S.K.: 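If you scroll down you'll find the structure; I have some questions about it.
Not measured: the values here are computed from a predicted model. Quick note on labels: first sequence line is chain A, next is B, and so on, each numbered from 1.
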Amino acid sequence: MYKIARENLTALFQKIAADQELYLPVRTADQVNFGVWTEDADVDLDTLKSVKSPKDVFFPQSETLYTCIRDGKKLKVEPEALKEQDFVVFGMKACDLKGVEVLDRVFLSDPVDSFYAARRDHGTIVSMACHEPEETCFCKVFGVDAADPQADVATWMIGDDLYWKPETEKGQKLTENLADLLEKAEDAGSEAAVGEEQEKIRTIIEKLPYSNLSLEGWNGDVLMEKFESPVWEKLYKPCLACGTCTFVCPTCQCYDIKDYDTGHGVQRYRCWDSCMYSDFTMMAHGNNRTSQKERFRQRFMHKLVYFPANNDGMYSCVGCGRCVEKCPAALNIVKVVKAFQEEEV
Amino acid sequence: MSIEAKEEFRPKIVAFCCNWCSYAGADLAGSSRLSYSADIKIIRVPCSCRVNPMFILRAFERGADGVIICGCHPGDCHYTSGNYYARRRMTLLFSMLDYIGVESGRTRVEWVSAAEGVKFSQTMHEFVEKIQSLGKNVRLEDLRCRK
Amino acid sequence: MTNQKKQAELIQEISGVNPLKCMKCGKCSASCPSYNEMDIKPHQFVSYVINEDIESLVKSKSLWKCLSCFACVQRCPRDVKPGKLIDAARQIVERQKGGDYLTADEIPELLDPEIPQQLLVSAFRRYRR
Amino acid sequence: MQEIVNRAKELLADGTVKRVLGWKAGDLPYNPEPAYFEKEEDFEDFVYNGFCGANLSKYMIEASKLEGKTLVFLKPCDTYSFQQLLKEHRVDRDKAYIIGVGCKGKLDIEKIRGLGIKGIESIEGAEIEDEAETLKIQTFYGEKTCAYKDAMLERCHVCKGKDHMIYDEQIGESKETKDADRFAEVEKIEAMSPEEKFAFFQKELSKCIRCNACRNVCPACSCRKCVFDSNKFDSSQKANVDSFEEKMFHIIRAFHVAGRCTDCGECSRVCPQGIPLHLFNRKFIKDINELYGEYQAGADLEERGPLTSYQFDDAEPGIVAERR
Amino acid sequence: MQRIGVFVCHCGTNIAATVDVKKVVEMALHEPGVVHAEDYQYMCSEAGQEKIRAAIQEKNLSGIVVCSCSPRMHETTFRGAAERAGLNPYMVEIANIREHCSWIHKDMEEATEKAVILMRAAVAKVNLNTPLKPGESRVTKRALVIGGGIAGIQTALDIADAGYPVDIVEKTPSIGGRMSQLDKTFPTLDCSACILTPKMVEANAHPNINIYTYSEVEKVSGFVGDFTVDIRKKARSVDMSKCTGCGVCQEKCPSKKTPSEFNRGLNNRSAIYTPFAQAIPNVPVIDREACIKFKTGKCGICSKVCQAGAIDYEQEDEIITEKYGAIVVATGFDMIKLDAYDEYAYSQSKDVITSLELERIMNAAGPTGGHLERLSDGKAPKEIVFIQCVGSRCADNRGKSYCSKICCMYTAKHAMLIRDKYPDVNVTVFYIDVRTPGKNFDEFYRRAVEEYGVNYIKGQVGKVIPKPDGKLLVQGADLLDNKQILKEADMVVLAAAIEPNPDVRKIATMLTASIDTNNFLTEAHAKLRPVESPTAGVFLSGVCQGPKDIPETVSQAGAAAVKAIGLLAKDKLLTNPCTAHSDELLCNGCSQCANVCPYGAITYEEKEVNDHGIREVRRIAVVNDALCQGCGACTVTCPSGAMDLQGFSNRQILAEVDAICR
């Protein structure tokens, strides 16, 4: 284990950014999101949750797939290059890491998404434990330990020190590169400090209102029963059909592929899509889900039923609580789970 | 011509002209041989009120450096009131563009009657000069449309 | 470019007058109080400028007979304003003498018996506006 | 609150209304959700407190399609939206029973979070009966307090007034909350240089994730299908591919609601990225007021909107450059 | 995918001299959808049109682009050619590479580049064109003539003779107009009244003509073939059905201090009056501003003396609403105000008069009974000076930029008449140019000089100075003799410029007819459609379109009548198919479009729609094709884009924008 004083972090970031891109929580116009580090970026490591999850580091909101350039009646097709440079993501929380695990299931299983895979290969993740979890968090429900964020490097911000623990080969390599800035912290005091912090985090998490949410009855086997439940009819009513929940979510992975006419050709790109949108999976004949109830149901069925059915029981919710915070109509996955519980009692 | 002259800034300017007055005014400028810059390209619309703010933003998105809308003089609209609506719409739109930091000189509305070939040509002259002085539109351009 | 042509252009530049707009109505000559004193009449000024015969114009008596009353300027229906042309021709003469670009404040000090009085009056009238 | 509940139950019982559109208590102290109540026992969860800030007018578009009357609780500012929707034939007056509720300013959880208060367990002082000027907030990290005022939504500081524009009956007291000039922020931007303006909006809009929350919550954005969802203008977009698109989206959205926007402030309230979207709408409102005379959308049913009317001597578009 | 043909016209050298037409053809073949491109000398010629026809049929084209002159010039021609080849005429787009390109650019490379871009925009548009079919609308077989001067009378007579009912609306109490104020006419020296009065009588008596005098057009709505017009019949205070025109009321009226409009204010009239003796109708009106009864409530003499009991103080304005198929504007002219020309002392001396005032003085029914005398002292003038071009041909903003056209001739007429009647009077005319293009016109002018000894001096007058002794000192210049002239005169006559009747602005606005900077109504085409306004169904007669003398006015009046008759003779008109349409799946029913529609063409209906499986009853905007004129105001007001304009659709215009900015 290593440590570095908080005041030296800028030097650390400088060093990392010297030869690769560095993504970390940056405050822009009063909001914290993951962004590229620059000298004048306002780095914010104290805000628990970035507005958007950092999934866009690996799966950007929009990315070009290829470009067609028209020359008279001839067409030239230029595929977009895959990510070739290494980069570092600093400050991902345990829930976001779990989110990446979910995305891996989708994009790295056959057929492999080469754009995503290239980014995963080149990215080194430095995680950070959640110093002060909040009332919207329910990662525990999904077996996530916010106090022990497993990544290439795990870190804990304790007081004025950042404790740094490489966990993988990639993490080790990064640590070596930063050797002159990181201070060895193999002593018992450091271990104890981290242990104490972990304990503190876990104690708070036990107390959080959502931590004992039960997911009993939510699995791949209850498809028809849940699908046909009358509860949805009541639940969806306040939903405004915006895409906030899906766009802040660390696991939502649906995208649309669109063409942009540049005037001298076409740029084909993909961009996040939201199952809440009326034109989600629009096809020539129209739409699969014509009502907001169906669209609303889709999101939660996918997270809690369809996904576990296809992925060895793994839910595609990680309990980060972003949707709880951001939904304009105060709807969220927790309310959905609870509503079914009440109904079933 | 020297090489430098070829590299000079040639703005792209879209002019929306109403069919009844301004387009005819442009025709008159043509038949009177009143020259103006070839950077101006005219799109014929039935009335200035047909010009949707989307058209203007789209032109800028596509790399236009200036957009000018010409219609009948207030009171002379072929459709009685079209240019009055256009006047309000464009005033508000231009004000918004100015508000978000787009130079207000990039947009203009001018009333040109069918008899005002001279005015048409002069207006186009002035507008091209203005755009020349403002340079390339970079604030509203969609970079994907660049060649 | 010949000197004459340059001067003709200079006159147009100084006066801001486009002599081609003249329709030869003669209202300037009809309005002119010094008409009889002049060898080149006000309406003819225009054609001298058009024909680039500035030398004759500059040498003419008329140059210093114009009172700069600007009646012709006021009444010209075509915005040609012969009075301004005359004024410009005078300036050319003065510039050739080196008395270039006077400001109104400098005039009193420069009062020189050699400067024709007409020019002074004209200058004052011009600056009064 | 009890008064509201009692009255709602009464109207439900006597058959005046078929359902009640109100708020259901959330699972956190601050997240009640809009909900329908159809039976007396449903009211167990009914809540009406400082966090019930959502403008229920927009829900009335759907409610107008239901059979029978819907009782809806509207704050003074919501009634402008309802009336504007009525003007545009998007809601049915006969299907609505409007209880105009008093308003003492509504709370914004983001404001509270912005004060560094996190891990919230409970909040005291947010009930409408509470006269307290301070909120007492119990958190996992200790007890915090916060002035009610400091936790109020931006829109309440520039409140249009506490009169209901349209209602069947009124319940509850209101308290003046206006303590700021509605156009001060707009004026600040207007005074900037073009470069500063551009930088300001560039920074704000770079956060936009095109979630459409602003659009979907907006009572003026009541189109069955938004131009940005249809292919009518080749403008269908789902993501912020280029910084220009966000500008296009927000400018056009603001333009489409210009003269119809009541300045209810919902767009800014719901933006997950905290973009002050009301600055666009308020710019239009300010221009309209200055150029075409004071106009408040939703204030009446008859007056023509400023973009569907004109005067012979309206200002020319060149005024934009002149005013600079 | 469309199959598009591109046809590039050389227009002789008009286009080909500055645009490399071959290059445009070559570039066209690179454009999406283009399967054919060719160039030709004159595309509008029969041979050119034949090429278009052949290509459409041989290559099975679905749309064509003609790169040529303005669509305002030949769009109809090419649409016709397309239609004859079996192609829908609205599948034709014009790229204007003449007026908007070759004629204004000199550099070949630059002009060619622009021509290519204009061609591209047109191709991009036609790719999105859809075949359109014009609708039909009915024609109301009745015409309205606004203005009862010689132009209006002639037009009305011609239309009426063809068998269609016509209404004349005249603002003043009598028809007759300016011509009724003239004494004699050039170049024949006929008495004006002698030739006008029979026409007035004929119009009055014509079974197909209905005359509304002392009336004004208040409101116009509708469109070609189906105008609805509100006419305000001002209260005359005299019952037209009872009045016998005996004239006693005018004689007895105690209020006789109102300047006579007819006599240009040179004398006064009574408060109850007919403007002139031959007035039609010969029914007086009460000028309520001047009438003692209306001002004080006392008097009522006219009522007492009227044996027919025609006086009606209670009469009120009446609004008549009538439908018309065609409208002819014949609003005529007035003299300009001379306030800006103080150098001529018009406001300072009564003996400085305008030519129209001279007409009244020379007229036997005029203020002086036809005696030529000075208005200041009644003495016979010995020396008269005429000044030409007062306010005409002015480049500054004091006067008018145009030549008033009639002054040279009427001045020659006046000079001649004076010299004929009063040989001892010297007449001098100061002129800039004497313009006499017209049959027997120059001969007429030469007679004035040669036979009547009128003294013509080339040179404008600088100023007129009234002297204490009542004489006028005219300071002019003789440019040919190079002399300044100081001339003493007893009378000075100013040939003031004429200008369209100021009311024409209001009328033009109501008719949505366009007007030029001088307030003359614009014709649809300066050469080929001189009597039609660009607004369909509106025709122009007389000086409202531009300065004219009487014979010209009468011939134009006839021409306007023929155009109107041509319209009225049709039972149905094809309507412009470029109308707005609302997409029922997108329409919100919010009524904003109806609010901005100037034609009231948008209504709403409750309709069941099937929106991707959801069936519901919605409030939907419906456009009435016959009323919609295709301005597009609604399309921009519609936030959802439900409202679109055929022929100028959102996507078509955006395609043009894209093509230009490419």
S.K.: Suppose we screen for salt bridge (Lys or Arg N to Asp or Glu O under 4.0 Å). Which residues come up paired with B:Glu129, at least two apart in sequence or across chains?
M.R.: none
S.K.: For B:Lys119, which residues count as a salt bridge (Lys or Arg N to Asp or Glu O under 4.0 Å) partner, sequence neighbours excluded?
M.R.: B:Glu110
S.K.: Could you give all pairs that pass the ring pair (Phe, Tyr, Trp, His ring centres under 6.0 Å) test and reach residues 29-49 of chain B, with sequence neighbours left out?
M.R.: B:Tyr36-B:Phe120
S.K.: No hydrogens needed, just list the donor-acceptor pairs between chain B and chain A under 3.5 Å.
M.R.:
| from | atom 1 | to | atom 2 | distance (Å) |
| --- | --- | --- | --- | --- |
| B:Glu61 | OE2 | A:Tyr260 | OH | 2.4 |
| B:Arg62 | NH1 | A:Asp261 | O | 2.6 |
| B:Arg62 | NH2 | A:Asp261 | O | 2.8 |
| B:Asp142 | OD2 | A:Tyr260 | OH | 3.2 |
| B:Cys145 | O | A:His264 | NE2 | 2.7 |
| B:Arg146 | O | A:His264 | NE2 | 3.3 |

